[in-house]
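The structure under discussion appears below in the form of structure tokens.
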Amino acid sequence: AEYKGLLASLRAAVPLGIRCLLVKADSQLLINQVSKEYHNYSSTNVQAVAMLRPTDCSIQAQVKKLERHFDSLQMLHVKRHVNRIADHLS
């Protein structure tokens, strides 16, 4: 759900002409993967692949494609209890 929410947010911001965007999420894995701090490993490394969702490569590619529309796109990890608005929206 976090990945779909991120993509929906980025897609919604593009036609609005938003050039600088700060994305706050309580999923450290999402933030790190999109920020490229965690790498997707080859399918031969079963343990590493098991940690990643099957669509991570696709999600990263879609985010990278959308990222071109922004002058600044920042990702910020927030604690779950701080992110109550997003919980209510989901």
Side-chain angles (χ1 to χ4, degrees):
E2 295 96 355
Y3 292 84
K4 289 181 181 181
L6 171 62
L7 289 173
S9 299
L10 295 177
R11 289 183 184 129
V14 171
L16 295 174
I18 296 171
R19 302 298 302 164
C20 297
L21 189 61
L22 172 62
V23 176
K24 297 179 181 180
D26 58 25
S27 170
Q28 186 71 56
L29 181 61
L30 169 76
I31 297 295
N32 289 345
Q33 285 182 333
V34 171
S35 299
K36 298 155 195 84
E37 292 176 23
Y38 289 172
H39 301 285
N40 289 328
Y41 298 94
S42 70
S43 58
T44 56
N45 189 340
V46 177
Q47 289 179 337
V49 171
M51 293 172 24
L52 303 173
R53 297 181 185 192
T55 57
D56 285 345
C57 292
S58 172
I59 298 290
Q60 285 180 330
Q62 291 175 58
V63 169
K64 186 172 180 130
K65 186 175 180 180
L66 289 164
E67 196 173 24
R68 298 180 202 150
H69 296 279
F70 302 98
D71 295 331
S72 173
L73 176 60
Q74 297 178 353
M75 305 289 289
L76 177 66
H77 177 253
V78 295
K79 300 286 184 186
R80 187 170 299 267
H81 70 275
V82 176
N83 206 21
R84 292 176 197 248
I85 295 171
D87 286 343
H88 289 332
L89 292 174
S90 62

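The residues of the chain are indexed from 1 along the displayed sequence. Below, each value reflects all heavy atoms present in this structure, side chains not excepted, and no hydrogens, waters or symmetry copies.
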Mind checking the CE-CD1 spacing from M75 to I31? Nearest 0.5 Å is all I need. 3.5 Å
Mind checking the NZ-CD spacing from K24 to Q74? Nearest 0.5 Å is all I need. 11.0 Å
Distance (rounded to the nearest 0.5 Å) between L21 CG and H69 NE2: 12.5 Å
Quick check against the 3.5 Å criterion: does Q33 have a side-chain atom that pairs as donor or acceptor with the backbone of Q60? no
Do you know which two heavy atoms are closest between F70 and L10, and how far apart they sit? CZ-O, 3.9 Å
Who are the salt bridge (charged side-chain N to carboxylate O under 4.0 Å, His left out) partners of R11, not counting sequence neighbours? none
According to side-chain hydrogen bond (donor to acceptor under 3.5 Å, both in side chains), who are the partners of H77, at least two apart in sequence or on a separate chain? Q28
First locate atom OG of S72, then atom CD of E67, and finally report the distance between them rounded to the nearest 0.5 Å. 9.5 Å
Mind checking side-chain contact (heavy atoms from CB on, under 4.5 Å) for L16 and listing every partner two or more places apart, or none if nothing turns up? I18
